[in-house]
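This report concerns only the one structure given below.
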Amino acid sequence: MQRREHRYKVLVIGDLGVGKTSIIKRYVHQHFSANYRATIGVDFALKVLNLDQDTIRLQLWDIAGQERFGNMTRVYYRDALGAFVVFDVARSCTFEAVRKWKEDLDDKVSASGGKRVAAVLLANKCDQDRDDTFAKNYGRMEQFCREHGFINWFETSAKVPSLNAGEH
């Protein structure tokens with residue numbers, strides 16, 4: 001049987017400093033550094049997965065946190081099939097910005113048939129103390145996801161991968 005190749009573009013978006021680059025580096029290279037510089041514009045990484053007779057080429061597009069309302073995001077978002085929207089559990093302002101990132105995503109890109117692009121919410125830096133806003137909303141995260149069009153949410157830590165809690 002001939003091997004089939006698939007390419008998927010997935011965006012990783014969220015405010016500056018939430019750990020988007022760290023999550024990507026951990027997933028693609030199994031590496032963490034506390035000393036990443038802020039992404040300027042966009043960067044991307046490739047993860048190749050071999051599943052049965054399929055080769056999956058997952059392009060992870062790391063969109064700079066200060067780019068949310070820039071004109072370039074429409075170009076960066078083009079042809080994306082999914083997105084991870086990331087916030088920092090220790091900084092409530094990054095959680096509050098999640099809605100704006102999701103709205104920007106929905107305004108600028110759509111999947112086939114005009115449907116919204118699949119988006120997953122990542123609560124990053126769960127190895128750190130949670131701020132009060134996230135702690136108060138923790139029990140309502142599934143409802144928040146339904147109300148704002150996220151498929152689901154996950155707690156994660158690029159620094160301590162064993163803390164990746166999995167599905168809620």
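The chain is numbered in sequence order, starting from 1. Everything numeric here is computed off the predicted structure, so don't read it as measured data.
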Problem set entry | Stepwise side-chain contact (heavy atoms from CB on, under 4.5 Å) test for F154 and N152 | CA-CA 7 Å; F154 299 91; N152 206 342; 4.3 Å; yes
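- For D79 and K9, the salt-bridge test fails: no basic side-chain N is under 4.0 Å from an acidic carboxylate O.
- In this structure a side-chain-to-backbone donor-acceptor pair under 3.5 Å is missing from R57 to R7.
- Cation-pi contact between K20 and F84: absent, since separation from the ring centre below 6.0 Å together with deviation from the ring axis within 45° is not met.
- Taking CD of E155 as the start and CG of N124 as the end, the distance is 10.5 Å to the nearest 0.5 Å.
- Side chains of D127 and S157: a donor on one and an acceptor on the other come within 3.5 Å.
- Counting only heavy atoms from C-beta outward, the side chains of M141 and F95 approach each other to under 4.5 Å.
- Between A64 and W101 the shortest heavy-atom distance is O-CH2, 3.9 Å.
- The shortest side-chain heavy-atom distance between L46 and V28 does not fall under the 4.5 Å cut-off.
- Counting heavy atoms of neighbouring residues, nucleotides and ligands inside a 6.0 Å radius, atom CG of N50 exceeds 12 of them.
- Under 4.0 Å is where a charged nitrogen must lie from a carboxylate oxygen, and between K100 and D104 no such pair does.
- Taken from NZ in K159 to CD1 in I23, the straight-line distance is 14.5 Å, to the nearest 0.5 Å.
- Across every non-hydrogen atom of A90 and Q128, the tightest pair is CB-OE1, 3.7 Å.
- Counting heavy atoms from C-beta on, the side chains of V10 and L81 never come closer than 4.5 Å.
- Taken from CD in E96 to CZ in F87, the straight-line distance is 11.0 Å, to the nearest 0.5 Å.
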For this session: Check the pair L11 / L105 against side-chain contact (heavy atoms from CB on, under 4.5 Å), numbers first and verdict last.
Result: CA-CA 9 Å; L11 306 172; L105 178 68; 3.6 Å; yes
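- In terms of heavy atoms, V117 sits closest to A83 at CG1-N, 4.2 Å.
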For this session: With salt bridge (charged side-chain N to carboxylate O under 4.0 Å, His left out) as the test, would you mind laying out the steps for D54 and R4 before giving the verdict?
Result: CA-CA 5 Å; D54 294 327; R4 296 173 298 204; 2.7 Å; yes
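- The side-chain heavy atoms of I56 and E5, taken from C-beta on, include no pair separated by under 4.5 Å.
- Under the ring-ring contact (aromatic ring centres under 6.0 Å, His included) criterion, H148 pairs with F144, not counting sequence neighbours.
- Atoms OH and CG, from Y77 and D107 in turn, are 10.0 Å apart once rounded to the nearest 0.5 Å.
- V86 and L16 fall into different hydrophobic clusters, where Ile, Leu, Val, Met, Phe, Trp and Tyr are joined by side-chain heavy atoms under 4.5 Å apart, directly or via other members.
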For this session: Using the side-chain contact (heavy atoms from CB on, under 4.5 Å) rule, take Y27 and L60 through it: C-alpha gap first, then chi angles, then the decisive distance, then the call.
Result: CA-CA 10 Å; Y27 180 62; L60 298 165; 3.8 Å; yes
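- Atom NZ of K102 sits about 10.0 Å away from atom SG of C145, to the nearest 0.5 Å.
- Distance check, rounded to the nearest 0.5 Å: OH of Y8 to CG of L49 gives 10.5 Å.
- For D43 and W61, the side-chain atoms include no donor-acceptor pair closer than 3.5 Å.
- Taking all atoms of both residues into account, the shortest heavy-atom contact from V89 to A123 is CG1-CB, 3.6 Å.
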For this session: Let me see the working for V48 and T55 under side-chain contact (heavy atoms from CB on, under 4.5 Å), right down to the final yes or no.
Result: CA-CA 7 Å; V48 178; T55 297; 3.8 Å; yes
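- Side-chain contact annotation: T94 with D88, donor-acceptor N/O pair under 3.5 Å absent.
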